[in-house]
Novice: 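Structure below; questions to follow.
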Amino acid sequence: MTVPYRAPADEAEALRVQEELRSRVDLVGPGPAAPATVAGLDVAYATSGDRLAAAVTVLDATSLAVVDEAVSVGRPAFPYVPGLFAFREMPALLAALDRLTVRPELLVCDGHGVAHPRRFGLACHLGLVTGLPAIGVGKTPLVGTWTGPGPRRGEWSPLRDRGEVVGRVLRTRDGTRPVFVSVGHRIGLDDAVERVLALTPRYRLPETTRTAGRLCRRALAAGGDRG
DNA sequence: GCGACAG
DNA sequence: ATCTTGTCGC
């Protein structure tokens, strides 16, 4: 199901939006059995903090080659508040998604999905608004506790918060810090982890995140730190 | 009451 | 997120 994006005027309204939408998240899927394309989304900020660039790259799921990409430059749409982070970047990310020529089959977001205090992180919000399956891959935890996964790539341990498993702490590379994988929308946790491993043949972060990261940094630099 | 707190 | 120097490793 697709949902229109509404920009909240303040924190109270942002919380209401999350409460209203959280029940619509699909934690099961099934996600795309064998997606042909996977998109990565990332945002870079100017030093001044008053300007940002959002990028989306679409990769061939097998070769990991970039087949499409789009960028949008703008202003943070909301102050940074842990737990309300999505409202900050969502408008720019949606603008970039609108500029794509190829509609990706899966979204890999730089931030959490249901591993969130109200089970509605950026990956859930993006998945719901676009109607696309979405996965959250965070570099640091927001909620939850875990016991370190083994040191080898592919090893993982459950991320638990208030009595429920909200994601997995996954080692994507031998001996490197793990990432935090959680369901965004329309995919199960097992499949989400499988997709993330398929996107990390070499580095800690998914290729989708890396290509999108390079693109938004480049766009920010090209804008001469202004526009 | 005191920290912690996605990017 | 971004600011930063060097440093260890492939």
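By convention in this document, chain letters (A, B, ...) are assigned in the order of the sequence lines, proteins followed by strands, and residues within each chain are numbered from 1. Small disclaimer: the values here were computed from a predicted structure and weren't measured. Just the heavy atoms: all of them, side chains too, but no hydrogens, waters or symmetry mates, feed the values below.
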Novice: Is the cationic atom of A/R168 (NZ for Lys, CZ for Arg) positioned less than 6.0 Å from the six-membered ring centroid of A/F180 and within 45 degrees of its normal?
Specialist: no

Novice: Is A/R217 touching bases, backbone alone, or none of the nucleic acid, heavy atoms closer than 4.0 Å?
Specialist: sugar-phosphate

Novice: Stem list for DNA chain B, please, built from Watson-Crick and G-U wobble pairs under 3.5 Å and keeping only runs of at least 3.
Specialist: none

Novice: Please classify the nucleic acid contact of A/G136 as base, sugar-phosphate, or nothing, using heavy-atom distances under 4.0 Å.
Specialist: nothing

Novice: Across the strands shown, which category fits A/L84 at heavy-atom distances under 4.0 angstrom: base, sugar-phosphate, nothing?
Specialist: base

Novice: Under 3.5 Å, is there a donor-acceptor pair between the side chain of A/D174 and the main chain of A/R153?
Specialist: yes

Novice: Without swapping roles, check the side chain of A/E207 against the backbone of A/L59 for a donor-acceptor pair under 3.5 Å.
Specialist: no

Novice: Indicate whether the side chain of A/Y45 and that of A/E89 have a donor and an acceptor atom separated by less than 3.5 Å.
Specialist: yes

Novice: For A/R51 and C/dT2, give me the distance from atom CZ to atom C1', rounded to whole Å.
Specialist: 14 Å

Novice: Rounded to whole angstrom units, what separation is found between the OH atom of A/Y80 and the P atom of C/dT2?
Specialist: 13 Å

Novice: Side chain of A/H116, backbone of A/F120: donor and acceptor closer than 3.5 Å?
Specialist: yes

Novice: Examine distances only and state if a side-chain atom of A/R186 and a backbone atom of A/G127 form a donor-acceptor pair shorter than 3.5 Å.
Specialist: no

Novice: Below 4.0 angstrom from OP1 or OP2 of B/dG7, is there any side-chain N or O of A/Y45?
Specialist: no

Novice: Look at the side chain of A/T208 and the backbone N and O of A/G40, then say whether any donor-acceptor pair between them is shorter than 3.5 Å.
Specialist: no

Novice: If only atom types and distance count, is the side chain of A/R160 paired as donor or acceptor with the main-chain N or O of A/G144 below 3.5 Å?
Specialist: no

Novice: Roughly how many Å is it from CZ in A/F85 to P in B/dA4, rounded to a whole number?
Specialist: 21 Å

Novice: For A/T176, is there any backbone N or O sitting under 3.5 Å from a side-chain donor or acceptor partner on A/R171?
Specialist: yes

Novice: Any side-chain N or O of A/T47 less than 4.0 Å from the OP1 or OP2 oxygen of C/dT2?
Specialist: no

Novice: Where along residues 139-164 of chain A does a heavy atom come under 4.0 Å from DNA chain B, residue by residue in number order?
Specialist: A/K139, A/T140, A/P141, A/L142

Novice: Provide, to the nearest angstrom, the distance between the OH atom belonging to A/Y203 and the P atom belonging to C/dG9.
Specialist: 18 Å

Novice: Please give, in whole Å, the distance from B/dC5 C1' to A/H112 NE2?
Specialist: 10 Å

Novice: Does this structure show an ion pair linking A/R210 with A/D42, if we count only N-O contacts that are shorter than 4.0 Å?
Specialist: no

Novice: Under 4.0 Å, counting only non-hydrogen atoms across every strand here, what does A/A44 touch: a base, just sugar-phosphate, or nothing?
Specialist: sugar-phosphate

Novice: Between atom CZ in A/R88 and atom P in B/dG7, what is the gap in whole Å?
Specialist: 13 Å

Novice: Taking CZ from A/R118 and C1' from B/dC5, how many angstroms apart are they, rounded to a whole number?
Specialist: 12 Å

Novice: Please report the distance, rounded to the nearest Å, between CG in A/L205 and C1' in B/dA6.
Specialist: 13 Å

Novice: Treat a base pair as Watson-Crick or G-U wobble with both distances under 3.5 Å, then lay out DNA chain C in dot-bracket form, 5' to 3', with | for cross-strand pairs.
Specialist: ..........

Novice: With DNA chain C as reference, determine whether A/R173 or A/D42 sits nearer its 5' end, using the nearest nucleotide of each.
Specialist: A/D42

Novice: State yes or no: are the ring centers of A/F87 and A/H125 separated by less than 6.0 Å?
Specialist: yes

Novice: Without swapping roles, check the side chain of A/T37 against the backbone of A/E105 for a donor-acceptor pair under 3.5 Å.
Specialist: yes

Novice: Using a 4.0 Å heavy-atom cut-off across all strands, classify A/L52 as base, sugar-phosphate, or nothing.
Specialist: nothing

